[in-house]
Each structure stands twice: as structure tokens, then as C-alpha cells.
Undergrad: 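Before anything else, here's the structure in question.
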Amino acid sequence: MMSRDRLHSELARMEDALAATRSNLRLAEQVLSRKAEAETIRRRPKARHYHRRMCRWTGADEAEYRLVLANLLVTCGHDLDCLRRKIMRQDEAILAFRRKYGVNADRRGPDG
């Protein structure tokens, strides 16, 4: 049987790894979103200058953005799915660890 300090440190290590994986997934999703937005802006340049307060993003721009994002997800979706599955496995391992050893320390939120 592990000591309480060892149990808590192991649980903290597991939760830190889970937080890092969630952070990696969030970063990957943000990168794809920024790439899709940049590609949409490149594909649909604006001919007119609007007032600073007016939105220049049209419905057609949004449709193009969603199309570009869908195409990026086709190419990179497998990697994102792998990260999501890893998060689920890590989450299940933490729950199993808590059940097995009866560690009831407060769990950190999804952001760590």
C-alpha cells in the first residue's frame, strides 16, 4: 500500500497530465480555427472599405469558413480524435485510481 503522500502526488501527476492533454487539444483546435479564418480571408478578399464599426464578415464568408474548417478537420480530425480518446482514458484512469485507493482530494477543474 502506498503512503497518503505518495497517493496524492501520483494523483496530482495524473491530473497534471490530463490538464496538459486538454491544453494540447484546445491549442490544436485554436490553430485549426485560425488557419481556416486566414484561408477564408485569403480566398475572399474585400473590395470595399467599411466603417471601422461595421462587420466585414458576411454570411458567404461564414459559409466559406465552415467549408475550409471542415476540409481541415478531414485532414487533421484523426489527430484530434486521438487526443479526445486520450483525455477519456486519462479521466477514466483517474476515476479508477480514486476508487481503488479511496483518494477523495478535491479534483481540479477542466482547466487544471
Undergrad: Surrounding CZ of Arg43 (heavy atoms of other residues, nucleotides or ligands, distance under 6.0 Å), is the total greater than 12?
TA: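 Enclosed: over 12 neighbouring heavy atoms sit under 6.0 Å from CZ of Arg43.
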Undergrad: For residues 67-78, which residue pairs qualify under salt bridge (charged side-chain N to carboxylate O under 4.0 Å, His left out), counting only residues two or more places apart or in two chains?
TA: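 Residue pairs with at least one partner in residues 67-78: there are none.
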Undergrad: Would Leu67 and Asn71 count as a side chain to side chain contact (heavy atoms under 4.5 Å, CB included) if you check the C-alpha gap in whole Å, the side-chain angles of each, and the deciding distance to 0.1 Å?
TA: CA-CA 6 Å; Leu67 179 67; Asn71 290 339; 4.2 Å; yes
Undergrad: At what distance, to the nearest 0.5 angstrom, does CG of Leu25 lie from CD of Gln30?
TA: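 One gets 10.0 Å once the value is rounded to the nearest 0.5 Å.
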Undergrad: Is the closest basic N to carboxylate O distance between Arg26 and Glu29 below 4.0 Å?
TA: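 No, this pair does not count.
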Undergrad: So, are Arg13 and Glu10 salt-bridged, with charged N and O less than 4.0 Å apart?
TA: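 Judged by the 4.0 Å cut-off on N to carboxylate O distance, Arg13 and Glu10 do form a salt bridge.
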Undergrad: Which pair of heavy atoms, one from Arg4 and one from Gly102, lies closest together, and at what distance?
TA: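 Answer, listing the atom of Arg4 first, then Gly102: NH2-O, 3.5 Å.
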Undergrad: Find the distance between CG (Asp91) and CD (Glu15) and round it off to the nearest 0.5 Å.
TA: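 The distance works out to 9.0 Å.
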Undergrad: Quick check for you: to the nearest 0.5 Å, what is the distance between Leu73 atom CG and Thr75 atom OG1?
TA: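 Taking CG in Leu73 and OG1 in Thr75, the distance rounds to 7.5 Å.
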Undergrad: Is a salt bridge present between Glu62 and Arg66, judged by a nitrogen-to-oxygen distance below 4.0 Å?
TA: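 Looking at Glu62 and Arg66, the cut-off is met.
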Undergrad: Regarding Thr58 and Asp61, is there a side-chain donor-to-acceptor distance under 3.5 Å anywhere?
TA: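 Per modelled atom types, Thr58 and Asp61 side chains form a pair under 3.5 Å.
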Undergrad: Membership question, hydrophobic clusters at under 4.5 Å side-chain separation (ILVMFWY): are Leu69 and Trp57 in the same one?
TA: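 Hydrophobic grouping puts Trp57 with Leu69.
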Undergrad: Please determine whether the number of non-hydrogen atoms from other residues, nucleotides or ligands lying under 6.0 Å from atom CZ of Arg84 exceeds 12.
TA: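 Enclosed.
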Undergrad: Hydrophobic clusters here meaning ILVMFWY residues chained together by side-chain heavy-atom distances under 4.5 Å, can you tell me if Leu80 and Tyr65 are in one?
TA: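 In one cluster with Leu80: Tyr65, yes.
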Undergrad: Which pair of heavy atoms, one from Leu18 and one from Gln90, lies closest together, and at what distance?
TA: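 Residues Leu18 and Gln90, closest heavy atoms: CA-OE1, 3.4 Å.
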Undergrad: Could you tell me whether the side chain of Thr21 and the main chain of Ala17 form a donor-acceptor pair under 3.5 Å?
TA: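 Yes.
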